[in-house]
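First the proteins, then the strands, lettered A, B, ... as listed; each starts at 1.
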2 protein chains.
Amino acid sequence: MGMGRPRAFDADAALDQAMDVFWRHGYEGATIAQLTEAMNINPPSLYAAFGSKEGLLKAALDRYTEKRDAWMEKVLGASTAREVAERFLMEHADAQTDPANPPGCLLVQGGLACGTGSENVPFELAARRTRTEDQLHERFVRAKAERDLGESADPATLARYLSAVTSGMCVMASSGADRNALREIAAVSLKAFDEQAKG
Amino acid sequence: MGMGRPRAFDADAALDQAMDVFWRHGYEGATIAQLTEAMNINPPSLYAAFGSKEGLLKAALDRYTEKRDAWMEKVLGASTAREVAERFLMEHADAQTDPANPPGCLLVQGGLACGTGSENVPFELAARRTRTEDQLHERFVRAKAERDLGESADPATLARYLSAVTSGMCVMASSGADRNALREIAAVSLKAFDEQAKG
DNA sequence: AGATATCTGTAGTGTTCGCTACAGATGTGG
DNA sequence: CCACATCTGTAGCGAACACTACAGATATCT
């Protein structure tokens, strides 16, 4: 028995296009027509490969998370907690205003509040954001064990703070804030980090 | 000639209900059916009073801005820039987790990215957010003139930083962060403010 | 080559969306 | 009390939505 006709499009390349549409219009604002056009496929191919609009989002988020993990590895690889924070903030400022992508971040612009029936979407995005916060947290726990952070510095608070600031930068980016504006925010935030890290 | 049948519902009370729906589901996620049910009116009454779904949002935003201005007056009334920042941050932490409202803030949860045809909505929300930032800015300019801020402290940067942090707190609130979590973020941010304010 | 399994493109499906026509109700001004 | 202007509720409009039935195309496996 045969194995069937092979897929005629590259799933990862298609997901990159879908990511862009979700990012630019949000989950609910993105229509299947826009998605299929950007992905250069027809609806049946989309549904055969990803099951549903929400399934497509999850697949796109998985791919997004992959890329983000690779990026976070570089950030977390810094030798001090201070440099981790600095890289994290500055790289975010740049990434969120990179003209190659829509402004902000897919995990925020994708949708904070959704309509009835899509309640799962904001939840899914939040889970991915929490993942980043957890990665920072873990790194700061290590930093504290290495005496790289002060006695009373709380790794969870530091991680949450950085996560909040970068989320805020997403909102600013969607309002048209440019790279310099975000870098200024990052620089101020870094001072808070330093104060808090002394602990 | 007569003046016609008078409106049978209170427009402000109806707008409060509409605000809640837009806040909870976002602009695109909110349906006319949900809005009319919450407002306890029928579609023709909605359209006679507000023109369109987007017109209703703008009316709700106007009402939101009214309330917010009253609130900001209290915040900006503090005698020092430091206390302005503290009130601003802490009050935000409380307001965004007040069980009387959906989590976060209408100006953020309302929608950062929208579908084709609603591009105006994120723009409108951004304009209202900028208003708050401008109010802070103005207050910090005054603080600097009063030598309440350091020589090299930049009022614009401070205002933008606070605006970014509170926007970030909205994102955290929509992920389920509670009052204490947001207050921690506010406390850390306040340290950055202090450092920056020394200038 | 033939049988089989899966993909692809066309052309829709039913549902829900924002919005409105219409008729009756209810007020004001004369 | 009557003419008029505006609101209200019912009922439903066309359009756009997410999604799919179907037939033909294209690969694999024997």
Measure [atom1]/[X] against [atom2]/[N] and give the value in whole Å, please.
X: Ile41(B); N: dC19(C); atom1: CD1; atom2: C1'; answer: 13 Å
X: Lys53(B); N: dA16(D); atom1: NZ; atom2: P; answer: 15 Å
X: Glu54(A); N: dC17(D); atom1: CD; atom2: P; answer: 18 Å
X: Glu28(B); N: dA16(D); atom1: CD; atom2: P; answer: 15 Å
X: Phe50(A); N: dA18(D); atom1: CZ; atom2: P; answer: 16 Å
X: Met3(B); N: dC7(D); atom1: CE; atom2: P; answer: 10 Å
X: Met39(B); N: dT8(D); atom1: CE; atom2: P; answer: 11 Å
X: Ile32(A); N: dA15(D); atom1: CD1; atom2: P; answer: 21 Å

Nearest to the side chain of [X], which nucleotide is it out of [options]?
X: Asn42(A); options: dT10(C), dT28(C), dT28(D); value: dT10(C)
X: Ala8(B); options: dG18(C), dA11(D), dT8(D); value: dT8(D)
X: Pro44(A); options: dG9(D), dA11(D), dT10(C); value: dT10(C)
X: Phe9(B); options: dT28(C), dC19(C), dT8(D); value: dT8(D)
X: Thr31(A); options: dA18(D), dG18(C), dT8(D); value: dA18(D)
X: Tyr47(B); options: dC17(D), dG9(C), dG18(C); value: dG18(C)

Between [Y] and [X], is there a salt bridge with N-O shorter than 4.0 Å?
X: Asp62(B); Y: Arg128(B); result: yes
X: Arg87(B); Y: Glu83(B); result: yes
X: Arg179(B); Y: Asp98(B); result: no
X: Glu195(A); Y: Lys191(A); result: no

Task: Residue mapping more 5' on DNA chain C - nearest nucleotide basis, Ala48(A) or Gly51(B) - done: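 This one resolves to Ala48(A).
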
TODO: May I ask you to establish whether Arg142(B) and Phe140(B) are in a cation-pi arrangement, using a distance under 6.0 Å from NZ or CZ to the six-membered ring centre and at most 45° from the ring axis?
DONE: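 Negative - Arg142(B) is either too far from the ring of Phe140(B) or too far off its axis.
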
Task: Short side-chain N/O contact from Ser45(A) to OP1 or OP2 of dT8(C), under 4.0 Å - done: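 Looking at the OP1 and OP2 atoms of dT8(C), one of them is under 4.0 Å from a side-chain N or O of Ser45(A).
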
Task: Ala81(B) backbone acceptor or donor facing Asp148(B) side chain under 3.5 Å - done: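 Judged by distance alone, yes, a pair lies under 3.5 Å.
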
Open item on the list: Within the 4.0 Å heavy-atom criterion, would you say Pro43(B) contacts the bases, only the backbone, or no part of the nucleic acid?
Closed with: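 If one applies the 4.0 Å heavy-atom cut-off, Pro43(B) turns out to touch a base.
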
Open item on the list: Classify the ring geometry of Tyr64(A) against Trp23(A): parallel below 30°, tilted from 30° to 60°, perpendicular beyond 60°.
Closed with: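 Correct class here is perpendicular.
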
Quick test: give all pairs of protein nitrogen or oxygen and nucleotides 23-25 of chain D nitrogen or oxygen below 3.5 Å, distance rounded to 0.1 Å.
{"residue": "dG24(D)", "atom": "N2", "partner": "Arg5(A)", "partner atom": "NH1", "Å": "3.3"}
{"residue": "dA25(D)", "atom": "N3", "partner": "Arg5(A)", "partner atom": "NH1", "Å": "3.1"}

